[in-house]
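Data block below; observations after.
Just follow the structure's listing: the first ligand is 1, and inside any ligand the first atom is 1. All heavy atoms count here, side chains included; hydrogens, waters and symmetry mates do not.
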Amino acid sequence: MPVRLIVDTDTAGDDVNSLLIALLHPNIQLEAVTISVGNVGFEQQIENALYTIEMAGRSGEVPVYPGCAVPLVNEWVAADYVHGRDGMGDSFFPKAKQRPEDKHAVDALIERINAAPGELTILAQAPLTNIAAAVIRDPSIARKVKTLYIMGGTYFAPGNITPAAEYNFYVDPEAARIVFKAGFRIRLVDWGVCVRNGVLTDEDIEDIRRLDTELARFYLAVNRVVRSFNETVGIHGITHPDSIVAAMIADPSIATGWQPCHVDIETRGELTRGASVINPVAYAGVEQRAVDNVNAEVCLGVDTARFKALLLDILSRR
Ligand code: BDR
Ligand code: CA
């Protein structure tokens with residue numbers, strides 16, 4: 001049985017790769033896409049999701065619900081310098097035929113989770129504003145989601161927007177804190193594991209170019225700005241923070257280990273706002289809270305070769 005999935009996304013760069021996996025992998029049944037504040041302008045992110053659905057040949061088959069366009073408390077912080085002004089590598093694609101739904105993403109999340117308790121998996125690959133707003137409105141949904149996969153935070157690694165914080169949690173730390181306290185079954189994939197295991201090198205990118213499919217060309221266009229941005233911060237290749245998570249939902253063997261932890265988010269630190277404070281059970285002797293209050297499993301590693309093979313398979317489908 002395929003995984004019944006909703007993807008909550010700030011569609012730009014690797015969010016697109018992740019959506020392609022969710023749209024085209026036979027082990028995933030993508031039921032809805034919800035749009036959160038994040039990488040680039042909100043309306044642009046909606047268009048990027050719709051265009052990605054069209055590129056996957058799935059136009060009109062997966063609804064796109066616009067959600068919260070600003071964080072709960074923070075001012076919005078853009079990442080267009082990472083992904084291009086349009087979030088698509090400055091490609092400025094035409095508008096897709098499919099249009100967004102009128103219903104708000106938060107309403108769609110609450111309705112869909114309540115209609116299928118224990119059935120739906122969520123991949124949250126953006127600031128957690130929509131998920132937090134949904135669980136504030138209906139706290140019962142936390143126990144009804146099968147697994148909430150979250151891309152965000154840092155574990156054994158510096159952040160990518162401040163030394164302490166990763167972008168998704170930095171943009172809306174209050175939302176992240178609410179989500180980690182809400183009682184979801186959470187699997188967290190942090191920025192550190194992405195940098196260690198989720199980068200495709202120049203050689204890998206050449207293999208993608210050689211596929212010479214419409215989707216391979218789309219991938220190269222969407223990811224060209226992030227590729228040159230990464231060079232400026234010493235990362236050689238294209239980073240896949242969101243798509244490694246979609247890949248491990250499709251093929252669980254892509255995650256090489258999970259550690260039960262207590263995760264909390266710093267909302268007030270002078271230098272550390274948005275930092276993920278992760279306490280593994282292994283440190284329970286130092287702070288008992290870890291065993292008493294495990295609220296997430298944190299990903300310890302990704303099988304890069306398997307991830308690459310899965311992504312190439314998806315990009316060769318059209
Ligand atoms: C996260 O931030 C965004 O720019 C990416 O889409 C990803 O979800 C990585 O920190
Ligand atoms: Ca994202």
Atoms of ligand 1 close to M151 [distance to a heavy atom under 4.0 angstrom, numbered from 1]: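 Atoms satisfying the 4.0 Å criterion: 1 (C), 7 (C), 8 (O), 9 (C).
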Enumerated ligand 1 atoms positioned under 4.0 Å from heavy atoms of H83: 4 (O)
Opening angle at the Ca ion (ligand 2) [OD1, D15; OD1, D10; to 10 degrees]: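 With the Ca ion (ligand 2) as the vertex, the angle is close to 90°.
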Flag side-chain contact, heavy atom, 4.5 Å: F184 against V179: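 Yes, close enough: below the 4.5 Å cut-off.
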Provide, to 0.1 Å, the distance between [atom] and the closest protein heavy atom, together with that atom's residue and name.
{"atom": "atom 2 (O) of ligand 1", "result": "Y167 CD2, 3.4 Å"}
{"atom": "atom 6 (O) of ligand 1", "result": "D15 OD1, 2.7 Å"}
{"atom": "atom 3 (C) of ligand 1", "result": "N39 OD1, 3.2 Å"}
{"atom": "atom 1 (C) of ligand 1", "result": "E166 OE2, 3.3 Å"}
{"atom": "atom 5 (C) of ligand 1", "result": "D242 OD2, 3.8 Å"}

Side-chain donor-acceptor pair under 3.5 Å between [X] and [Y], yes or no?
{"X": "Y149", "Y": "R185", "result": "no"}
{"X": "Q45", "Y": "D10", "result": "no"}
{"X": "N114", "Y": "K144", "result": "yes"}
{"X": "S91", "Y": "R224", "result": "yes"}

Parallel, tilted or perpendicular, as decided by the 30° and 60° cut-offs, for the rings of H240 and Y219: parallel
Mutual orientation of the aromatic rings belonging to F93 and F218 [parallel < 30°, tilted 30-60°, perpendicular > 60°]: tilted
3.0 Å cut-off met by an N, O or S atom of T11 to the Ca ion (ligand 2):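 No, T11 does not qualify, because none of its backbone or side-chain N, O or S atoms lies under 3.0 Å.
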Proximity to ligand 1 by part of Q125, non-hydrogen separation under 4.0 Å: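 For Q125, only backbone atoms sit under 4.0 Å from ligand 1.
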Part of N160 within contact of ligand 1 (heavy atoms, under 4.0 Å): side chain
Atom name of the N, O or S atom in D242 that lies nearest to the Ca ion (ligand 2):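 Nearest to the Ca ion (ligand 2) within D242's N, O and S set: OD2.
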T9 side chain to I35 backbone, donor-acceptor under 3.5 Å: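 No, because the side chain of T9 does not come within donor-acceptor range (under 3.5 Å) of the backbone of I35.
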Salt-bridge criterion met for R227 and D202 (N-O under 4.0 Å): yes
Close approach, V82 and ligand 1, non-hydrogen under 4.0 angstrom: no
